[in-house]
Amino acid sequence: MATAPNGTIKVRQVPSKGNVIKLAVTFDKFLLDKIKSMTDLDGAKKNEAAVGTLVDFDQTETLSVILSRILSAYRLQDEGYDLYLTTNTRKYVTSENRSDLSDGDFVMITTSVKKLVDDIMQKLGLSTNERNETLKKLNLHLKDATVAREFVRKEGHKVLTNLIESSKLDSCVTVYILQSIIQLMDHNILSWEFVEAAFVNKVTGYVNSNVSDAQLLQHSLSILEALLGTSKAHYVERGVTIPNLASKVQSKTNDPKVHLNTISLINALFLRADEKQRTAIVPTISTRNIRNLIAVNIIRDGLNIGSEMLHQLYILQTLCLSTLAEKKNAMLCPQDPEVLDKIRELRAIAFEVEYGMTDTIRQHSLTREYRKLGFNNDVNPACELQNPPGKLALDCMCYFARNHTDRYRKFIFENSKGSDRDCPFGSTGIELTRLLCDILQIGEPLQEQGGTFYPMFLGSDSPFFEMFSICIQAVNKTWKEMHATTADISKVFQIVREQVIRTLVKEEEVRSFDTFRSELQRLSYNEINNLLQQERQLKEESGSNSKQILQLREMLAPELLELVQQQRIGYLVRGTRFTKYVRGQRLKDKFWFIRLSPSHKVFHYGDCDDKTIPSLEELKNKVPVMEIKDVLIGKDCPHVKDIKSKKMTHPYVFSMVLDTPEPSTLDFVAPDEQTYEYWLDGINALLGRPLVSKEAKNDLDMLLAMEVKLQTLELEGIEIPEELPVLPPEPETYEFYFQ
């Protein structure tokens, strides 16, 4: 045992036997001063108390027995003390968490939880200065679930809400109180139902006022979002408005956490709304002012946006687009006057300039004009639109005609020759609407993690219709490049799908509709065809299915499988950030990171934020690989087994089952399928088990294909026979020679 420069002690970890571990015990300042003032205690004991001492901690003994033995060694009475862990996660040692202790941990004998909470409760009602210090102390200790439970038992949560309701507090004190309430609720000890309407109204007032304290805004927004899941939700909905919330993005604070909590609250309000309310909310969110606030203050060029903010923006984008789902799935009545008016409008915009006549004079030319508009039904085109997504497609076509009139007329004029190679506007408009709904997943459930946010959608109050207007022109261009006929419409849209998806993938370049248009136009039919061909060639397996090639693959497989295993283990060494879940519910902006040590013997894990990657030394918690007994997946995992809600789906969950005295698991919820399969492969590789994931099979197949191709390069152009040549029979004797 040696003394560190800061006066604490460094303990060399000594292997313990059975249930006994070695702990370094120190005393808090009050007890240390008391020990130093004792006249009947020798100097050696006082010095030992000052630097700390090693004690045997027997897991079979009660905590009170262990504590009494340590105190009596220094002639102290147990006047309300507890053991407090100061290594890694700082917390009080209880009978529930004592199994977390390990050799070499530092514990301090300090004021008991009960005495600490009693002292805090007493001082909360005192003068301002003393109360401020008490709130700071409370904030520090409420991270410990044991303190939080005792505080709730003494109804401290009600004291905090009463302070908010009845007192006029400065912003600093208010921040401490709100933060304490949030920390209490993070432990899932009690429900938000305990708060009163007065408290909700007070917090709503903080959000609506022009405050400059970022933390006050941040905590207020977070609390209001949590309250939306309770019976007090109607107070929140009445108290805040979308425009007022959006203004917080432009507030003086300019704080990323305020921005995040603002968008999260808007999303929560959106999710609670019914279809009618959502339809009313979208125009508000889509106003130029609110779109500009988000674009300027959050999506600034070069700004490092965290993954949680991107996810919240994706949710907002998806919720706005989801209001189109009703029209997308609706049946259209061919005799609906509104529908007939829209079709007449399409015809009028396209041909008014060409003919310069009224509809009455031009009745005889209706059939010809409907055909020029690209409808197969030239009597009533509405019949062609009656099946989904015809209703939404008609709105898209009308938007294009009204807002991009010149381009619309050019499209119709170019395809009015009566040739079978004309690109039919009506038919392709319906197919394009179906394609865009599929790509943007309109009407599909929200993804719990990830999701793609497209900044260009902030550039228009009708982003879906604007995207349609750009893509319909790309359809016309591709149609001409392919020399397509109406029989080729499915082939054309296979290419258009590739063009749109490959353009959207370029998130950094495509930040506006103008750049989207430019990138889409650049991907011609020939370029897409070449890209698809190259990818096809890469995926094709080299060689053939002959026995010789199959035998070669069989010989190469073990070595390449080992390469895949090494890659998976390397993935674990680099580590992964996971989102925290409690009782199956995703915790907003809470993450943890886990990585394998370079020696491949220990997993290190701990809390982190959503941007930085912690080093091995920063991850204090450890799990030796040798303690992993099994891996559970899916519904067998303990952290999702008891979830009653059917709305929450966790397709990528798994748990490490640890071989410890008390059964325990380390639980994961992977953000995507690749992370899920890579981790399962890596753990299986460490445990000497086979790799059974789809990703492992694909990687092995790809490596085998490349290796076989390399090994058979010299055989290119040579036909490999299906069967091996028949060997001639052996000679009767080998007594022969060639002359």
Side-chain angles (χ1 to χ4, degrees), residues 89 143 145 182-183 185-188 218 221-222 225-226 228-229 256-257 259-265 267-268 271 298 304-319 444-453 571-572 574-596 603-614 618-621 623 631-643 645-656 665-680 682-683:
T89 307
K143 295 174 184 176
I182 291 171
Q183 284 183 331
M185 302 311 295
D186 282 346
H187 291 294
N188 288 299
Q218 176 193 334
L221 290 164
S222 181
E225 183 185 350
L228 284 174
K257 290 186 177 179
H259 295 167
L260 173 62
N261 288 359
T262 300
I263 301 297
S264 297
L265 181 54
N267 288 339
L271 284 166
I298 299 178
N304 184 20
I305 305 172
S307 59
E308 185 65 27
M309 175 57 87
L310 283 174
H311 181 67
Q312 293 299 330
L313 289 171
Y314 150 76
I315 292 174
L316 182 62
Q317 166 191 282
T318 304
L319 289 173
E444 297 295 322
L446 285 165
Q447 296 179 28
E448 278 196 33
Q449 296 185 53
T452 305
F453 168 69
Y571 184 82
L572 303 194
R574 289 193 296 276
T576 304
R577 181 187 294 107
F578 291 90
T579 303
K580 280 193 172 185
Y581 280 72
V582 173
R583 297 180 185 174
Q585 298 294 321
R586 178 176 179 273
L587 295 182
K588 184 185 71 177
D589 210 24
K590 300 284 184 181
F591 303 89
W592 66 290
F593 198 92
I594 181 169
R595 67 196 314 168
L596 181 65
F603 280 103
H604 297 253
Y605 66 96
D607 293 343
C608 68
D609 57 30
D610 64 337
K611 294 179 183 178
T612 58
I613 297 177
E618 292 172 320
L619 302 172
K620 304 298 184 183
N621 303 308
V623 172
V631 180
L632 301 177
I633 61 173
K635 293 181 180 178
D636 294 329
C637 297
H639 58 307
V640 295
K641 185 183 291 184
D642 298 325
I643 294 178
S645 173
K646 295 182 179 178
K647 294 181 181 179
M648 299 294 289
T649 55
H650 305 283
Y652 308 125
V653 295
F654 61 98
S655 298
M656 290 183 189
T665 59
L666 191 59
D667 304 318
F668 301 75
V669 180
D672 51 56
E673 186 176 10
Q674 187 186 64
T675 305
Y676 171 75
E677 295 193 344
Y678 272 29
W679 267 87
L680 288 181
I683 296 168

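Worth saying up front: this structure is predicted, and the values here are computed from it rather than measured.
- Nearest heavy-atom pair across Lys143 and Gln183 is CG-NE2, 3.7 Å.
- Here the side chain of Arg577 pairs no donor or acceptor atom with the backbone of Phe593 at under 3.5 angstrom.
- Ring pair Tyr652/Tyr676 is tilted by interplanar angle, where 30° to 60° counts as tilted.
- When side chains are defined from C-beta on, Thr579 does not count as touching Ser307, because their heavy atoms never get closer than 4.5 Å.
- Side-chain atoms of Ile683 and Phe654, non-hydrogen and from C-beta on, do get closer than 4.5 Å to each other.
- No side-chain N or O of Glu225 forms a donor-acceptor pair with one of Asn261 less than 3.5 Å apart.
- Interatomic distance, CG of Leu260 versus CD of Glu308, reported as 5.5 Å (0.5 Å rounding).
- The environment of NZ in Lys588 is crowded: more than 12 heavy-atom neighbours from other residues, nucleotides or ligands sit within 6.0 Å.
- Here the shortest heavy-atom pairing between Gln312 and Ser264 reads CD-OG, 3.3 Å.
- For the pair Met309/Ile263, a side-chain contact is recorded, criterion being any heavy-atom separation below 4.5 Å from C-beta on.
- By the 4.5 Å heavy-atom criterion applied to side chains, Asp186 and Lys590 are counted as neighbours.
- One finds the CE atom of Met656 at 9.5 Å from the CG atom of Leu680 (value rounded to the nearest 0.5 Å).
- Note that the CG atom of Asn267 and the CD atom of Gln317 stand 11.0 Å from one another [nearest 0.5 Å].
- Thr675 places a side-chain heavy atom less than 4.5 Å from the side chain of Tyr571.
- Rounding to the nearest 0.5 Å places OH of Tyr314 at 4.0 Å from CD of Gln447.
- Nearest approach of Asn621 to Gly606, heavy atoms of both residues: ND2-CA, 4.1 Å.
- Summarising the geometry, atom CG belonging to Leu587 is positioned 7.5 Å from atom CG belonging to Asn188; distances are rounded to the nearest 0.5 Å.
- Here the closest non-hydrogen pair linking Gly306 and Asp610 is CA-OD2, 3.3 Å.
- Annotation for Trp679 and Thr576: closest pair NE1-OG1, 2.8 Å, computed over non-hydrogen atoms.
- In this structure, Leu666 and Trp592 approach most closely via the heavy-atom pair CG-CH2, 4.3 Å.
- Rounding to the nearest 0.5 angstrom, the gap separating the CZ atom in Phe591 from the CZ atom in Phe578 is 12.5 Å.
- A 4.5 Å side-chain heavy-atom check between Tyr581 and Val653 finds every atom pair outside the cut-off.
- Exactly one residue among Asp589, Asp609, Asp667, Asp607 makes a salt bridge (charged side-chain N to carboxylate O under 4.0 Å, His left out) with Lys580. That residue is Asp607.
- Judged by distance alone, with hydrogens and angles left aside, the side-chain atoms of Arg595 form a donor-acceptor pair with the main-chain N or O of Pro614 at under 3.5 Å.
- When the shell of 6.0 Å around CG of Leu271 is examined, it contains more than 12 heavy atoms from other residues, nucleotides or ligands.
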